[in-house]
Amino acid sequence: DFLFGGGGRSVRPHGGRAMKAVTIATIFAAASATLMCVMHVAEVGPPVPLRRRRGTSQATQLVQEAFSDEVPVAPEELSARYIMIDVNTVRWLWWPAILYLFWGMAYVCDVYFVRTIEVISERFQIPDDVAGATLMALGCNGPEMALNTISIFHPSNIGVGAVVGGEVFNVLVIIGTALLATPAMYMPLKLGKFNFFRDVIFYMVSVALLYWVLKDGLISRLDASVLLLGAVCYTTTVVYSSKIAGRFNRSKTLKLAVTFVTRATVKMTSVFMTPVGTGDDYDDDEDEEVEPETVERWDEARASSDPAEGSVLTVRVDLRNRMMDRTHPVTTRYVWLRDDALVVSTLVDPQPEMQLLKRANTGIVFDHNAQTNEQHWHHGGLVNEPYFLDENGQPKIPHEGHAGELSRPLLNETGRKDGGASPNLPPPVEVPGFRDTPWELIPLEDVLYCERLGEQGRNNFNLHVHQHDAVLGRLITIELSAASGAAMEAWVGAIRGKLLDQRRTSVDPPASKGISSSLMEWVEWLQFPVKWFVARSIPDMDDTKLHHLYPVAFVMSMVWLAIFAFSVVKACDGIHRDFGISDDILGFTVAAAGTSFPNVFSGMCVARQGKTSMAVANALGANVQNVFLALAIPWAIQSFLIVGGPFPMRVDNLLPAVLECAITLAPVVIVYVLHGFAMPRWSGSMLLFVYAVYVVFA
């Protein structure tokens with residue numbers, strides 16, 4: 001209670017915070033002193049054997065010699081004599097220590113560094129697509145760039161190994177786990193051809209350039225400049241992807257060529273596996289005509305400011321993860337508020353000018369659900385998996401054993417069953433377009449609070465939500481923007497009123513703590529030191545009043561990343577010394593998995609919402625920017641500003657490592673093409689198996 005606040009009670013009326021700080025500092029000082037003593041004893045070696053006097057017990061002999069006035073003994077010498085810790089046991093502490101450092105690096109990057117970059121892009125009004133391909137990519141590759149920056153002052157191959165090994169980890173593990181977590185209604189997963197092959201081509205180019213740069217063991221100014229030029233080319237392509245894809249779709253010649261190649265591929269591969277559809281629905285869906293009634297109802301909702309009737313709002317989701325927030329797409333959604341939940345339609349904006357942008361948005365998914373008469377594209381969920389609604393406004397779970405099956409109901413059974421119109425159904429539920437797409441339910445019990453951003457937010461307000469039924473899910477922020485200030489005030493007032501009613505009517509006792517809850521308490525206790533020190537040295541960019549301190553937040557985030565990166569390098573040196581594992585192998589495996597592992601859970605989180613295509617695109621895009629930014633920027637600084645010329649960077653077994661990057665990408669491309677330009681669920685297990693084989697060979 002004294003350390004953590006005591007439930008709001010103060011121990012002393014004055015100086016409480018100072019006493020807490022002194023107490024925490026004392027605890028850390030004592031722990032550090034104890035650790036130093038243990039490490040000192042471990043280095044001294046075995047105890048010195050003593051000769052026991054005749055007729056005296058060994059215990060008496062030890063006490064007499066320890067406290068004899070004739071032969072004074074220092075405390076550390078006394079401990080060295082009679083306390084022995086086996087070095088073979090102590091060395092295993094390197095592994096939990098390096099895991100803790102990886103978590104600290106990911107925490108600083110996800111919670112502070114990425115958010116600071118978002119504030120910078122907002123203050124300088126950088127377009128979202130440009131910011132996603134430049135600044136957000138810089139934040140996405142923050143840990144890898146920090147490791148390579150530290151290598152400037154502490155030469156090590158850990159940074160390069162983390163990038164090369166991270167390429168394999170992102171492709172096999174992140175994509176594999178995301179496919180396994182995808183709901184059944186979206187499987188096999190259809191991916192947009194243009195975005196997929198764009199990222200694959202740039203990925204292969206980046207790997208080839210990396211081999212060209214490292215093959216002679218020297219990094220020159222030309223090498224760094226070529227990699228930075230690759231970053232510029234990739235960024236330009238990403239920014240103008242929608243326009244380039246639009247030209248492909250409007251060109252009849254190219255469209256016929258793509259259709260011919262697609263159908264020929266499907267016919268040839270049908271011998272080996274069952275393809276998904278004809279393979280050309282990707283292009284035909286672009287020309288789908290929208291019902292006039294759908295456009296009319298959408299326009300009415302766009303002008304509406306009444307949450308009871310529903311409004312069209314601009315929505316963006318912040319997952320607090322550097323990889324999944326890299327693209328940060330902004331979409332327009334029909335949103336309706338009912339007594340127990342926020343109801344969000346997955347219908348894509350039916351305006352004609354928006355139809356050409358469908359496939360450029362990685363949050364668009366293809367629905368194979370048998371509950372709808374037509375299979376088509378729509379948005380994935382914001383927080384939870386979308387479902388079709390029954391006559392009482394309850395979600396229709398397809399079947400038991402469903403990939404997104406919940407351990408507790410999404411909503412309580414509160415719908416009317418007397419044959420009348422249910423108050424839990426959205427008003428346009430029978431309108432064409434709305435009727436054929438699922439709805440996402442965000443229970444108000446999962447909403448922590450609603451935050452009004454005011455004039456600075458330009459009619460924006462935020463909802464802070466926990467993903468339903470997710471033990472490991474972190475806080476998700478939904479950023480919503482209304483058409484006018486009056487609409488924003490109406491929505492904020494209505495949501496806050498519903499939340500108050502929800503709090504008053506919630507009479508269920510708190511759930512009993514299980515083993516997972518108890519373990520999470522221990523995890524939070526271990527995380528407390530890093531969170532406490534970081535929170536008091538980096539301004540919180542979630543607080544709009546502190547946005548003017550973004551330079552301080554940026555610099556301090558980089559300082560903390562550098563501290564953790566230096567500690568990781570030193571820990572790898574210790575593992576190399578005590579276990580004999582080379583730095584190259586540590587980089588390809590341990591450092592690569594450590595810097596990328598937090599992204600696995602975020603990839604599974606968006607996959608449960610149906611946005612697995614976003615996880616795939618971000619994994620491939622992060623690999624490209626790992627080479628073009630995380631390596632190129634530190635190398636450019638060293639070659640241009642510090643060394644003033646080429647500097648050595650020798651990597652052992654470079655050719656096998658580069659070939660592994662290309663070979664491990666091959667299963668993804670082969671399955672995608674052979675399965676009718678879609679990824680089946682079993683391919684996720686296959687990718688994880690391939691990674692296990694890679695680790696064994698590495």
Side-chain angles (χ1 to χ4, degrees), residues 117 120-121 124 126-127 129-167 170 198-241 244 326 554 558 561-562 565 584 587 595 620-652 654-655 657-659 661-662:
I117 290 177
I120 292 175
S121 62
F124 289 94
I126 301 175
D129 51 359
V130 178
T134 54
L135 293 178
M136 292 304 296
L138 185 67
C140 173
N141 306 114
E144 291 85 357
M145 189 175 65
L147 287 174
N148 285 281
T149 303
I150 288 299
S151 66
I152 297 176
F153 309 99
H154 183 83
S156 173
N157 290 340
I158 296 297
V160 178
V163 169
V164 176
E167 309 270 280
N170 291 343
R198 176 201 66 193
D199 292 335
V200 166
I201 291 173
F202 272 100
Y203 174 73
M204 296 305 300
V205 170
S206 67
V207 171
L209 288 177
L210 180 62
Y211 176 75
W212 174 74
V213 168
L214 292 175
K215 66 178 181 179
D216 59 352
L218 293 175
I219 305 297
S220 64
R221 296 178 178 179
L222 176 62
D223 297 335
S225 301
V226 169
L227 293 181
L228 291 176
L229 181 61
V232 173
C233 294
Y234 179 70
T235 301
T236 304
T237 305
V238 171
V239 171
Y240 292 100
S241 287
I244 298 174
R326 190 176 68 90
F554 183 84
M558 294 296 296
L561 286 176
D584 294 329
T595 54
L620 294 175
N623 282 354
V624 177
Q625 299 292 40
N626 260 338
V627 176
F628 289 155
L629 291 180
L631 290 178
I633 292 179
W635 288 351
I637 294 174
Q638 189 168 1
S639 61
F640 280 93
L641 302 179
I642 298 179
V643 179
F647 60 90
M649 180 61 67
R650 186 169 299 279
V651 179
D652 296 332
L654 175 62
L655 181 59
V658 172
L659 290 178
C661 293

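Just the heavy atoms: all of them, side chains too, but no hydrogens, waters or symmetry mates, feed the values below.
No hydrogens or angles considered: a donor-acceptor pair under 3.5 Å links the side chains of Ser241 and Arg198.
Partners of Val232 by side chain to side chain contact (heavy atoms under 4.5 Å, CB included), not counting sequence neighbours, listed by chain and number: Thr236. With sequence neighbours left out, Asn148 forms a side-chain hydrogen bond (donor to acceptor under 3.5 Å, both in side chains) with no residue at all. Evaluation of the side chain to side chain contact (heavy atoms under 4.5 Å, CB included) rule for Tyr211 yields Lys215, Leu654, Leu655, Val658 as partners, not counting sequence neighbours.
One finds the OG1 atom of Thr237 at 10.0 Å from the CD1 atom of Ile201 (value rounded to the nearest 0.5 Å). A distance of 6.0 Å separates CD1 in Ile117 from CZ in Phe554, rounded to the nearest 0.5 Å. Taking CG of Leu631 as the start and CD of Glu144 as the end, the distance is 9.0 Å to the nearest 0.5 Å. With values rounded to the nearest 0.5 angstrom, Met145 atom CE is found 11.5 Å from Gln625 atom CD. In this structure, CG on Asn623 lies 5.0 Å from OH on Tyr203, to the nearest 0.5 angstrom.
Residues Tyr234 and Asp199 form a side-chain contact, since some pair of their non-hydrogen atoms from C-beta on lies under 4.5 Å apart. Contact annotation: the side chain of Val164 approaches that of Cys661 to within less than 4.5 Å [non-hydrogen atoms, C-beta and beyond].
A pairwise comparison of heavy atoms in Ala565 and Ile150 identifies CB-CG1, 3.7 Å as the closest pair.
Of the residues listed (Ile219, Leu209, Leu222), the one engaging Leu227 in a side-chain contact (heavy atoms from CB on, under 4.5 Å) is Leu209, and it is the only one.
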Please tabulate, for side-chain N and O atoms in residues 632-648, each donor-acceptor pair with protein atoms closer than 3.5 Å (sequence neighbours left out).
| residue | atom | partner | partner atom | Å |
| --- | --- | --- | --- | --- |
| Ser639 | OG | Trp635 | O | 2.9 |
| Ser639 | OG | Ala636 | O | 3.4 |

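For residues 217-232, the side chain to side chain donor-acceptor pair (under 3.5 Å) pairs, not counting sequence neighbours, are Ser220-Asp223. The side chain to side chain donor-acceptor pair (under 3.5 Å) analysis of residues 156-167, with sequence neighbours excluded, yields the pairs Asn157-Asp584.
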